[in-house]
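A note on names: the letters A, B, ... follow the listed sequences, proteins ahead of strands, and every chain is numbered from 1. Just so it is clear, the model here is predicted, and its values are computed rather than measured.
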Amino acid sequence: MDQDASIRTILRKFVLEELLLGDSSSMVADDASFIESSIIDSTGVLEVVSFLEETFGIRVEDREMLPENLDSIDNLAGFVTRKQHVS
Amino acid sequence: MCGIAGQWNPSGVQVDVDRLEIMTRALVHRGPDDEGYLLQPGVGLGHRRLSIIDLATGHQPLCNEDEKVWVVFNGEIFNYVELRKDLEKRSHRFRTHSDTETLVHLYEEYGLDFVQHLNGQFAIALWDATLRRLVLVRDRVGIRPLFYARLRDGSVIFASEIKALFAHGHLDPELDAQAIGQIADLWVPIPPRTPFVGVEELEPGHILVLEPGRVTKRQYWRHQFPRVNEYEDRPLSYWQDGLRGLLEDSVRLQLRSDVPVATYLSGGLDSSILTALVKRHHINDLTTFSVAFADGRFDERAFQQTMVEHLGTDHRQVEVNDASIGHDFSDVIWFAERPIMRTAPAPLLALSGLVRDSGIKVVLTGEGADEVFGGYNIFKEDKARRFWARQPNSTWRPALLSRLYGYIQRDSRGQAFWQQFFGKDLTATSDPYYSHRRRWENASYVRRHFNSDFQAAMRDSQTAISELDRYLDPDRAKWHPLAQAQYLEMALFMSCYLLNSQGDRMMMGNSIEGRVPFLDHRLIEFAARIPPKFKLRGLDEKWILKRTFADLLPGSISRRPKHPYRAPIAACFSGSNSTLTSELLQPDSLRRTGIVNHSALAKLFVKAGRVGLSEREEMAIATTASLQLLHHHFIDRDWKAFADSCRRPAVESRSFLPT
């Protein structure tokens, strides 16, 4: 499994188990917006960022708190890969 | 529900019956219906009864088959039906149908472990004549009170309320400045400390055993949470099913009563869930009670009305205002027996008066749900600050705090200040008091309103924290941050303040028994195992509770953000409301007492009239006002005259058991 695939596996598990509480019928595609799908509300970003920091050992800066980085599995995967590449 | 009192004399010398009667009758408000006594060499037990279960034969003290084990008790054993069945199988013979009688047979069967079998809220005094052993027990979280003091002659007196100990006549009332200092810092005195020198409370979940030559105290129950990484991995449905089953069963047991039961309906989530469960499953013609505030900032009657219409209950409310709170505050302190930092108990005393006038003796309340399921802002604040602490330079992260406290949003100019406030010691996340440190440091502002001599006697805040370290469970360091914060709220604020100053005392002051189904110990233990993510989801409080019972409630109630229960303070004691309290806050009275710095207090009242006060300034006023009242009611009182007033028989029916 390449690195991107393993990151996506971890992210999908997080979305399903922690954000959707195991409700697989509500599971979304990798490119679906969390906010538009009502998976998280505005404070739910706290959970997403906490998860990234604890799981991948990265630090999320204020300027990175953008939908392009955080608002779908695709965006998260790209963001984590870029951050890990930098560090 | 009742009041108990008694004396234990290790030398075996006969207890003074006159003083025993006085102590017991000082508690007449807790038990207006009946009284009874036991006198045996070395011990005297007294009981005032509020008849609720087994009206005909529930008289106390009660004994076992051979009259070797006797008991008086205050409270309810909710699982007494099940316990009795089991004990009868083990050949115990019952004389009554009361829950009280299960205690003596359980003790015969299991010895001191009998308490592990009890589901209830209780303060128990049990006498084992064979061993000449007196056993005092208090329920797991301190729903019912119990105090004791050691006298100079080596005997021990105990009672449901402190006033009974002073009425005895051999204990001089003296304020414990260190306890007052702890209240200024932590909002509570650290058990077993009370506001009075020489008076101790029996800690919740503890059993005290007094035998000739040996006095031992041990903890039989404690709050326990999983270690931070050891929560069970189970689906949400498992936790929801367990929660629903346990709360429904707790409500079923707590409705056991031979007199009608009503509920308090605040308009918030917890009492709404509780009332809905009672109405739907048990009592169709349910009566509900609530407080309404003339001051709209505190009033919740629109939400109460929503629930009343949704459920169709017979609803009654008492409206309180600044003047009525100012007037009632004196009685509040007489019953609460301690300084308090807020006036919020006063409306609840008025409410229990309405319950009594309605001919009802028992009410169920939603107390405990905020602690057990994570409802308070302080839990969210802790979570948001820990999140911010991982990126202290972030400006986005602290903005989460602005969702918690409306005043932050209203005043953008103050932003720098509140960021500084919440940012202090931001990264000290390994501090075992991280969740509460900001609140405590803010509260200690109250200390500045005491005279310098009294401040010195209070000792510093670090001394209080060291004492707290010794009282609390060292295992808590291994728990999840939310569990640690919940534990502090439960062990301190809930057990040492809410359940008594705002709960038991404000109800018993009007001879009303309160019951708290959210604090069934099975539910507390189960909820402790629920992973934190299901309690505080994002910053959404009591998430699993709302989700599990949403179908019982209108959306406007289940989706409603938590509304903290508060009452006005400074306005209640201003000069325009002439009450005992406002008189006691005049410079002459303050000088006479010598505790409060009257110029500091005067400045607060001037400021209150001009621009209004901050929360901690209001708390300084409530604390000093209640301290003045405490002095008036307990230090200045002529206890001999009080004892004389207790001598008059309060009821005709009374009995002395064989000596």
Engineer: Heavy-atom distances under 4.5 Å only: say whether A:V48 touches chain B with side chain, backbone, both or neither.
Structural biologist: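 The answer is neither part of A:V48.
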
Engineer: Taking non-hydrogen atoms and a cut-off under 4.5 angstrom, which of residues 227-239 of chain B neighbour chain A?
Structural biologist: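 Listed by number: B:L236.
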
Engineer: Quick check: closest heavy atoms across B:F387 and A:L46, and the distance to 0.1 Å?
Structural biologist: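 B:F387 and A:L46 have their closest heavy atoms at CE1-O, 3.7 Å.
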
Engineer: For B:E441, I'd like to know if atom CD has over 12 heavy atoms of other residues, nucleotides or ligands within 6.0 Å.
Structural biologist: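 Yes, enclosed.
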
Engineer: Sort by residue number and list every residue of residues 523-538 of chain B having at least one heavy atom under 4.5 Å from chain A.
Structural biologist: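 Within residues 523-538 of chain B, the residues under 4.5 Å from chain A are B:K533, B:F534, B:L536, B:R537, B:G538.
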
Engineer: Determine whether more than 12 heavy atoms belonging to other residues, nucleotides or ligands lie under 6.0 Å from atom CZ of B:R616.
Structural biologist: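 It does: B:R616 CZ has more than 12 such atoms within range.
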
Engineer: Using the test ring-ring contact (aromatic ring centres under 6.0 Å, His included), find all partners of B:W440 that sit at least two apart in sequence or belong to another chain.
Structural biologist: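 Partners of B:W440 under the ring-ring contact (aromatic ring centres under 6.0 Å, His included) test: B:Y433, B:H436.
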
Engineer: Apply side-chain hydrogen bond (donor to acceptor under 3.5 Å, both in side chains) to B:S558 and list each qualifying residue two or more places apart in sequence or on a separate chain.
Structural biologist: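 Checked B:S558 against side-chain hydrogen bond (donor to acceptor under 3.5 Å, both in side chains); zero matches.
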
Engineer: Less than 4.0 Å between a side-chain N and a carboxylate O, is that true for B:R386 and A:E54?
Structural biologist: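 Not counted as a salt bridge, because no side-chain N and carboxylate O are separated by less than 4.0 Å.
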
Engineer: Set out, in order, the CA-CA distance, both residues' side-chain angles and the distance that settles salt bridge (charged side-chain N to carboxylate O under 4.0 Å, His left out) for B:R390 and A:E61, then state yes or no.
Structural biologist: CA-CA 10 Å; B:R390 293 217 298 258; A:E61 309 287 344; over 6 Å; no

Engineer: When you look at B:Q391 and A:M65, which way does the side-chain contact (heavy atoms from CB on, under 4.5 Å) test go after all the steps?
Structural biologist: CA-CA 12 Å; B:Q391 280 284 27; A:M65 305 275 305; over 6 Å; no

Engineer: In Å and rounded to the nearest 0.5 Å, what is the OG to CZ distance from B:S394 to A:R59?
Structural biologist: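 The CZ atom of A:R59 is 10.5 Å from OG of B:S394, to the nearest 0.5 Å.
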
Engineer: Taking the side chain as C-beta and beyond, is there a heavy-atom pair between B:W396 and A:V60 under 4.5 Å?
Structural biologist: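 The answer is no, as the side chains (C-beta and beyond) never meet within the 4.5 Å cut-off.
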
